[in-house]
Amino acid sequence: MKIIVKNDPVELGKAAGKHAGELIREAIHKKGHANVILATGTSQFETLNQLIKEPGVDWSNVVMFHLDEYIGIPDTHGASFRKYLKERFVNKVPNLKAAHLINGEGDAEAECVWLGDLITQHPIDVALVGIGENGHLAFNDPPADFDTDEPYIIVDLDEACRRQQYGEGWFKSVEDVPKKAISMSIRQIMKSKHIICSVPDARKATAVKNCVKNPVSNLFPASILQQHDSCALYLDKDSAAGL
């Protein structure tokens, strides 16, 4: 894991987005196409803002997956990650080859199987991820399942995770935050050739410290990134305060 510390969230996002653009262009140059994973949430605002501006990316050769989605909310809901990605990415890049968005409204188990089959046919070149206030990676809350080989799984959201979603303004109350979600699994994320992890803000400082300073443990799910061969962790001064 390589740690890069920037002054603020804007500088962090610009650096992470440029890095992602470089890796996507490289994959397209080498293979003719690129498969990517995108994260959501407030931590990804600046990274995605930069990525959509990146020059020379032939988006018609890019297939996109994403990390997670709540079970039971429509894509018209303000907290829907499908809505988030449509508004902040899909609608802003020209001719994207495909966007495989998670639908949490129907049969969740069938959705996991369908997406799992798809992603196994599209080895991931670049994954953009974040770290939750409870140390989660995607919606794999502690203690995370480090053992499942299933690419997508149904997870229970813990209290800390649900408080974060409320605190970020996505829901009117903690009680409104769904208790279950579909999440990409830890092992599937770790199969990505390159991982770019964007984590701004002081409220993430404890989680960053736990996931960087402690031995790898499912009690600190994002600590698994220590074991990845090509992971860049982008922090700002606030989120890096505990290091």
Side-chain angles (χ1 to χ4, degrees), residues 1-69 75 80-102 115 118-131 137-138 151 184 188-201 222 225 228-237 239-240:
M1 178 192 291
K2 181 180 180 181
I3 299 175
I4 304 99
V5 180
K6 297 295 182 179
N7 286 320
D8 54 51
V10 175
E11 285 190 15
L12 182 162
K14 286 182 178 179
K18 287 180 179 179
H19 190 181
E22 291 170 3
L23 294 173
I24 294 169
R25 288 191 295 268
E26 178 183 303
I28 294 172
H29 176 73
K30 289 182 177 179
K31 307 188 305 176
H33 64 274
N35 302 314
V36 304
I37 296 168
L38 298 187
T40 53
T42 58
S43 68
Q44 304 300 308
F45 285 165
E46 299 300 335
T47 299
L48 290 179
N49 282 343
Q50 181 62 42
L51 181 57
I52 63 176
K53 298 174 186 175
E54 280 297 292
V57 176
D58 182 358
W59 294 108
S60 67
N61 285 312
V62 177
V63 173
M64 186 211 83
F65 293 84
H66 72 121
L67 287 173
D68 41 33
E69 179 61 287
D75 62 3
S80 166
F81 295 139
R82 286 173 291 165
K83 176 181 172 66
Y84 177 114
L85 286 169
K86 288 176 183 178
E87 293 178 349
R88 291 176 170 84
F89 182 77
V90 176
N91 295 341
K92 294 187 176 183
V93 297
N95 306 315
L96 187 68
K97 183 175 182 179
H100 297 303
L101 301 174
I102 303 168
L115 286 167
L118 267 178
I119 203 166
T120 56
Q121 299 170 40
H122 296 82
I124 301 300
D125 299 291
V126 186
L128 273 60
V129 303
I131 296 175
L137 188 59
M184 189 176 292
Q188 179 60 48
I189 294 168
M190 290 292 286
K191 290 178 181 180
S192 307
K193 185 175 181 180
H194 303 285
I195 296 178
I196 295 175
C197 186
S198 299
V199 193
D201 301 331
L225 297 175
H228 196 275
D229 291 335
S230 179
C231 176
L233 175 59
Y234 284 89
L235 308 174
D236 63 12
K237 288 184 177 180
S239 61

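Below, each value reflects all heavy atoms present in this structure, side chains not excepted, and no hydrogens, waters or symmetry copies. All values reported here derive from a predicted model rather than from experimental measurement. Numbering of residues begins at 1 and proceeds along the displayed sequence.
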Would Leu67 and Ile37 satisfy side chain to side chain contact (heavy atoms under 4.5 Å, CB included), going step by step from the backbone distance to the final call?
CA-CA 7 Å; Leu67 287 173; Ile37 296 168; 3.6 Å; yes
Is atom NZ of Lys191 surrounded by more than 12 heavy atoms (other residues, nucleotides or ligands) closer than 6.0 Å?
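Yes - once you tally the heavy atoms of other residues, nucleotides and ligands closer than 6.0 Å, there are more than 12.
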Sub-3.5 Å donor-acceptor pair from the side chain of [X] to the main-chain atoms of [Y], do we have one?
{"X": "Asn35", "Y": "Pro123", "result": "yes"}
{"X": "Tyr84", "Y": "Gly41", "result": "yes"}
{"X": "Ser80", "Y": "Lys83", "result": "yes"}
{"X": "Glu69", "Y": "Arg82", "result": "yes"}
{"X": "Asp125", "Y": "Val36", "result": "no"}

Applying ring-ring contact (aromatic ring centres under 6.0 Å, His included) to Phe81 and His66, what does each step give before you reach the verdict?
CA-CA 9 Å; Phe81 295 139; His66 72 121; 7.2 Å; no
Taking side-chain hydrogen bond (donor to acceptor under 3.5 Å, both in side chains) as the test, write out the residues that go with Asp75, two or more places apart.
Lys86
Looking at residues at least two apart in the chain, or sitting in another chain, which of them share a side-chain hydrogen bond (donor to acceptor under 3.5 Å, both in side chains) with Thr120?
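Counting only residues at least two positions away or on another chain, Thr120 forms no side-chain hydrogen bond (donor to acceptor under 3.5 Å, both in side chains).
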Distance in Å, [X] [atom1] paired with [Y] [atom2], rounded so as to fall on 0.5 Å steps:
{"X": "Ile124", "Y": "Ile119", "atom1": "CD1", "atom2": "CD1", "result": "4.0 Å"}
{"X": "Ser239", "Y": "Lys6", "atom1": "OG", "atom2": "NZ", "result": "13.0 Å"}
{"X": "Gln44", "Y": "Arg88", "atom1": "CD", "atom2": "CZ", "result": "11.0 Å"}
{"X": "Met184", "Y": "Leu115", "atom1": "CE", "atom2": "CG", "result": "8.0 Å"}
{"X": "Leu23", "Y": "Ile195", "atom1": "CG", "atom2": "CD1", "result": "11.5 Å"}

Can you give me the closest heavy-atom contact between [X] and [Y], atom names plus distance?
{"X": "Ile24", "Y": "Leu51", "value": "CD1-CD1, 4.0 Å"}
{"X": "Ala99", "Y": "Val90", "value": "CB-CG2, 4.0 Å"}
{"X": "Lys53", "Y": "Asn49", "value": "CG-O, 3.2 Å"}
{"X": "Leu137", "Y": "Gly130", "value": "CD1-O, 3.5 Å"}
{"X": "Leu12", "Y": "Ser198", "value": "CD2-CB, 3.8 Å"}
{"X": "Ser60", "Y": "Lys97", "value": "O-CB, 3.2 Å"}

Could you check if a side-chain atom of [X] sits within less than 4.5 angstrom of a side-chain atom of [Y], using non-hydrogen atoms only?
{"X": "Lys193", "Y": "Asp229", "value": "no"}
{"X": "Asp201", "Y": "Pro9", "value": "yes"}
{"X": "Val57", "Y": "Val93", "value": "no"}
{"X": "Leu233", "Y": "Ile131", "value": "yes"}
{"X": "Arg25", "Y": "Glu54", "value": "yes"}
{"X": "Met64", "Y": "Leu85", "value": "yes"}
{"X": "His228", "Y": "Met1", "value": "no"}

Could you check Glu11 against Asp8 for side chain to side chain contact (heavy atoms under 4.5 Å, CB included), going step by step and ending with a plain yes or no?
CA-CA 6 Å; Glu11 285 190 15; Asp8 54 51; 3.6 Å; yes
Please determine which of Val199, Ile196, Thr47 meets the side chain to side chain contact (heavy atoms under 4.5 Å, CB included) test together with Tyr234.
Ile196
Between Glu46 and Gln50, do the side chains contain a donor N or O and an acceptor N or O under 3.5 Å apart?
no
Check against side chain to side chain contact (heavy atoms under 4.5 Å, CB included), Trp59 and Asn95:
CA-CA 6 Å; Trp59 294 108; Asn95 306 315; 5.7 Å; no
